[in-house]
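Lettering of chains follows the sequences in order, A, B, ..., and the numbering in each one begins at 1.
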2 protein chains.
Amino acid sequence: MLLSKACIYGIRASLYVAAMHEQKRPFVPIREVSDKLELSFHFLTKILQQLTAAGLMKSYKGPNGGIAFTREPKDIKLIEVVSAIDGLDLFKECVLGLPGCGHKQPCPFHDKWATTREAIEIMFNATSLEELATKGKRMNLRLSAEITMDDLLKTA
Amino acid sequence: MLLSKACIYGIRASLYVAAMHEQKRPFVPIREVSDKLELSFHFLTKILQQLTAAGLMKSYKGPNGGIAFTREPKDIKLIEVVSAIDGLDLFKECVLGLPGCGHKQPCPFHDKWATTREAIEIMFNATSLEELATKGKRMNLRLSAEITMDDLLKTA
DNA sequence: ATTATTAAAGATAATTTAGTCTTAAATATT
DNA sequence: AATATTTAAGACTAAATTATCTTTAATAAT
């Protein structure tokens, strides 16, 4: 598995919040996100705290509280979410797990893997949350196993 | 992390055995592999049993016993080792972990990820154990944190 | 002020992965 | 036959990840 579950949930939640942002509803309660995406509320809270700690999101307590992005979703790249939760080791690590593997001291697999690893990094780097959220809305794609973007928006 | 530790260790061990195979020493004891690669003997034993169960390796007990590939390392692709240990889910799974995500029912990330995922699969599919072992020997590359292919061969 | 709502923080539990230890089975050597 | 060597198998332990539960802190509405 490329990304941890925490990171996957974090991305799904980010896409939900980004979609709401486009609907002119930048602040959403975590409970709403966890209900809609069928994720554990407490687990998701901890994950989102990592995004807040990283400065990607801001949060307010109390009634009408919730979370929101600190910047426009069009200016937030997917790699920022990944970085805040799983870190960037994924884009540095040797595929054989050898410490110090790199251009100077390559493992047998280094050259081939470095190319692929870069392609993955570029992909996360080049994709904004807004891009994904818009695409999801346009194509009525799914954000959880059972629920499409359309479902989410009409029951919001 | 793309591959589990078990899978990483399995690949390292496979490269070691492939290198020995080229030295006309197809059968090597597991203890030798675990010593040279600085891996836990018992843990490695279990991993190699998976390769044996998958038909990639054969084993003999008793003095002068050990493990060896059932086919020539040049005919064994890296993906076979990965498949035997981690399975092929990696090459099928949605990057957001959504069940059923695919061409018909894509998640917002599907198209971009599918391309990258295929590149990874092709890479594992196109690389033989012999190719990696030979390259490692030629370039004196490392198979464990501290030990190069040359070190391994001269102290064998 | 009191109450209700919401995120933060911390304790605990469950699951998966990683790793160790012990015993059994097979086989070669003597 | 007895012994030593080696893989196989199973029980057990440790660590990391995932998930739940409880309490606290902040804030808005009444």
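Across the protein-nucleic acid pair, A/F27 atom CZ and D/dA28 atom P stand 11 Å apart, rounded to whole Å. For B/E38 and C/dG19, the CD to C1' distance is 16 Å, given to the nearest whole Å. Rounded to a whole Å, the NZ atom of A/K46 is 12 Å from the P atom of D/dT20. Distance, A/Q49 CD to C/dT6 C1': 12 Å, rounded to whole Å. Going from atom CZ of A/F41 over to atom C1' of C/dA9 covers 12 Å, rounded to whole Å. Between B/E32 atom CD and D/dT5 atom P the separation is 16 Å, expressed in whole Å. Between the NZ atom of A/K61 and the P atom of D/dA28 there is a distance of 12 Å, given to the nearest Å. The separation between A/H42 atom NE2 and C/dA9 atom C1' is 11 Å, rounded to whole Å.
A/F27 and A/F69 have their aromatic ring centers separated by at least 6.0 angstrom.
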Please step through salt bridge (charged side-chain N to carboxylate O under 4.0 Å, His left out) for the pair B/R71 and B/E80, ending with a clear verdict.
CA-CA 12 Å; B/R71 288 179 275 140; B/E80 298 182 73; 2.4 Å; yes
List, with names and distances, any nitrogen or oxygen atoms from the protein found under 3.5 Å away from nitrogen or oxygen atoms belonging to nucleotides 13-18 of chain D.
from	atom 1	to	atom 2	distance (Å)
D/dT18	OP1	A/K5	N	3.0

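One finds no salt bridge joining B/K77 and B/E130 here, because no Lys/Arg side-chain nitrogen approaches an Asp/Glu carboxylate oxygen to under 4.0 Å. Salt bridge status for A/D111 with B/K135: present, with a side-chain N to carboxylate O gap under 4.0 Å. For the pair A/K137 and A/D150, the salt-bridge criterion is not met [side-chain N within less than 4.0 Å of a carboxylate O].
Taking only side-chain nitrogens and oxygens, A/T45 never comes nearer than 4.0 Å to OP1 or OP2 of C/dA7. The phosphate of C/dT29 has OP1 or OP2 within less than 4.0 Å of a side-chain N or O from B/N64.
Heavy-atom distances to DNA chain C give each of A/P63 and A/S59 a nearest nucleotide, and the one nearer the 5′ end belongs to A/P63.
Applying side chain to side chain contact (heavy atoms under 4.5 Å, CB included) to B/L152 and the options B/L143, B/V33, B/L15 leaves one that passes, B/L143.
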